[in-house]
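Excluded from the calculations below are hydrogen atoms, water molecules and symmetry mates; all remaining heavy atoms, backbone and side chain alike, are included. Just so you know, ligand 1 is whichever comes first in the structure, and atom 1 is the first atom listed for that ligand.
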Amino acid sequence: MKCRVCRGPAVIDVRRHNANFCAEHFVKLCRDQVAKAISEFNMLQPDDRVLIAVSGGKDSLALCDILDHLGYRVEGFYISLGIGEYSKESRGYVERFASQRDLPLIIDDLPIDYGFDIPHGSRAAKRAPCSACGLSKRHLFDEAARKGGYDVVATGHNLDDEAAVLMGNTLHWHTEYLGRQAPVLPAHDGFPKKVKPLVRLTERDTAAYCLLRNIDYMVEECPMAAGNRHLFYKSALNDIEVSSPGAKHSFYFGFLQRAAQHFADAAGQEMPAIRACSQCGAPCSSETCAFCRLVDRATAPVPIRMKPSRSSTKVKT
Ligand code: AMP
Ligand code: FES
Ligand code: ZN
Ligand code: ZN
């Protein structure tokens with residue numbers, strides 16, 4: 001197995017490119033793919049202050065390394081979600097990475113700052129954990145960018161993530177979501193610009209990139225995500241990819257090039273008028289934003305179940 005570029009011994013095969021690469025040229029390939037996505041979708045300007053949402057996993061840490069290498073001004077943002085050992089460990093990976101690289105890091109702590117964690121808060125609010133978690137993350141990313149004056153928020157969503165979301169939205173014809181599914185969301189109504197520079201890389205690519213760059217990352221997935229439908233779509237797409245290398249890429253990029261614009265109207269129609277949340281001031285479409293409502297429900301005192309007192313128990317007659 002020889003590297004396509006230098007003909008030296010290869011360390012990895014990339015079947016969708018029908019090529020093998022040595023360590024040096026695989027690392028270069030990953031960086032080139034990110035640079036290509038950035039320029040193709042006009043994601044970042046050279047002077048932008050970029051806030052990278054870092055989870056401690058392979059994707060977001062690889063993203064930090066690549067954007068830093070490409071010369072962007074990056075800072076990290078981590079949210080501690082209160083998911084037991086998983087949160088403690090992932091925070092450790094993020095803090096170690098940041099201190100080794102002198103990466104400025106902002107940390108929000110859901111239990112300390114807002115009084116609830118995802119397992120208990122989602123139960124109290126009667127929401128699925130991943131839904132309460134996603135809502136909290138989106139809100140806190142936006143807030144951190146607004147407060148810190150960042151130009152753009154970058155997340156580590158990769159080709160597998162985006163193709164799986166596309167598959168879910170297509171299977172159920174969620175046309176309004178299809179209209180909004182893009183690697184760049186422009187800033188609007190007080191919401192910051194959001195970008196996904198890893199859309200041209202797969203999970204396998206980012207894992208290999210971290211290995212070759214000596215980036216220590218959290219391997220375990222979130223314990224609350226078990227049974228999540230996206231994991232199922234990802235595995236279905238991986239099965240298709242085995243017999244049809246490149247299928248994920250052509251599914252997602254074919255959609256962006258040939259189909260996404262047909263759903264723009266559906267996305268636009270669903271956009272409600274934006275106002276300021278009466279509690280936190282964030283842009284939202286109702287009196288109080290969804291995150292403040294989640295905080296209220298998740299932190300509401302739990303009613304104590306009383307045993308019936310003797311006087312109130314029914315007496316057989
Ligand atoms: P996920 O939703 O877990 O697939 O993560 C997608 C992206 O969201 C990651 O690549 C990160 O950029 C970001 N992210 C996920 N969890 C966190 C977290 N706890 N703190 C900050 N960013 C996160
Ligand atoms: Fe959000 Fe698992 S990381 S529920
Ligand atoms: Zn090579
Ligand atoms: Zn609010």
Side-chain angles (χ1 to χ4, degrees), residues 1-14 17 19-32 53-60 77-91 93-94 108-111 113-123 125 127-144 146-147 155-157 161 189-191 208 212 217-231 274-299:
M1 209 165 85
K2 286 187 178 162
C3 170
R4 178 165 80 181
V5 185
C6 68
R7 310 309 296 162
V11 294
I12 187 165
D13 64 316
V14 184
H17 291 297
N20 308 314
F21 296 91
C22 69
E24 179 193 339
H25 289 117
F26 178 73
V27 165
K28 182 172 182 316
L29 173 83
C30 292
R31 291 171 175 166
D32 289 349
V54 277
S55 62
K58 58 191 180 312
D59 303 308
S60 50
F77 176 55
Y78 172 78
I79 306 166
S80 186
L81 297 155
I83 307 177
E85 283 305 307
Y86 171 76
S87 288
K88 277 186 207 138
E89 275 189 44
S90 60
R91 182 175 181 149
Y93 282 96
V94 171
D108 270 11
D109 192 307
L110 214 51
D113 302 333
Y114 295 93
F116 73 100
D117 59 34
I118 292 297
H120 295 98
S122 58
R123 219 173 301 135
R127 285 186 86 122
C130 288
S131 140
C133 175
L135 162 61
S136 305
K137 284 195 271 201
R138 283 190 299 277
H139 178 91
L140 296 173
F141 293 167
D142 292 351
E143 188 181 73
R146 228 179 14 255
K147 286 189 176 161
T155 55
H157 293 95
D161 296 321
D189 302 305
F191 292 101
L212 295 173
Y217 65 86
M218 173 97 176
V219 175
E220 289 78 34
E221 299 287 343
C222 168
M224 315 227 68
N228 182 313
R229 248 185 280 149
H230 280 137
L231 295 181
I274 300 296
R275 52 196 284 188
C277 167
S278 59
Q279 291 188 34
C280 72
C284 70
S285 54
S286 48
E287 165 78 16
T288 312
C289 77
F291 179 70
C292 286
R293 279 181 272 139
L294 171 66
V295 176
D296 289 346
R297 285 196 215 121
T299 56

Handout entry: Minimum-distance protein heavy atom relative to atom 1 (Fe) of ligand 2
Key = Cys133 SG, 2.0 Å

How close do [X] and [Y] get, counting heavy atoms only, and between which atoms?
| X | Y | answer |
| --- | --- | --- |
| Met1 | Asp13 | CE-N, 4.0 Å |
| Tyr78 | Ser87 | OH-O, 3.1 Å |
| Ser90 | Ser55 | CB-O, 3.4 Å |

Problem - N/O/S from Cys130 sitting under 2.8 Å away from atom 2 (Fe) of ligand 2 - result: no

Practice task
State the CZ-CD distance between Arg275 and Glu287, to the nearest 0.5 angstrom.
Solution key: 5.0 Å

Completion exercise
Separation between OH (Tyr86) and OG (Ser80), nearest 0.5 Å, reads 11.0 Å

Fill in the blank from the handout: Looking at His25, the N, O or S atom sitting nearest the Zn ion (ligand 3) is ND1

Practice task
Please note down the angle at the Zn ion (ligand 3) between SG of Cys6 and SG of Cys3, to the nearest 10°.
Solution key: 110°

Problem - Heteroatom N/O/S of Cys222 within less than 2.8 Å of atom 1 (Fe) of ligand 2 - result: no

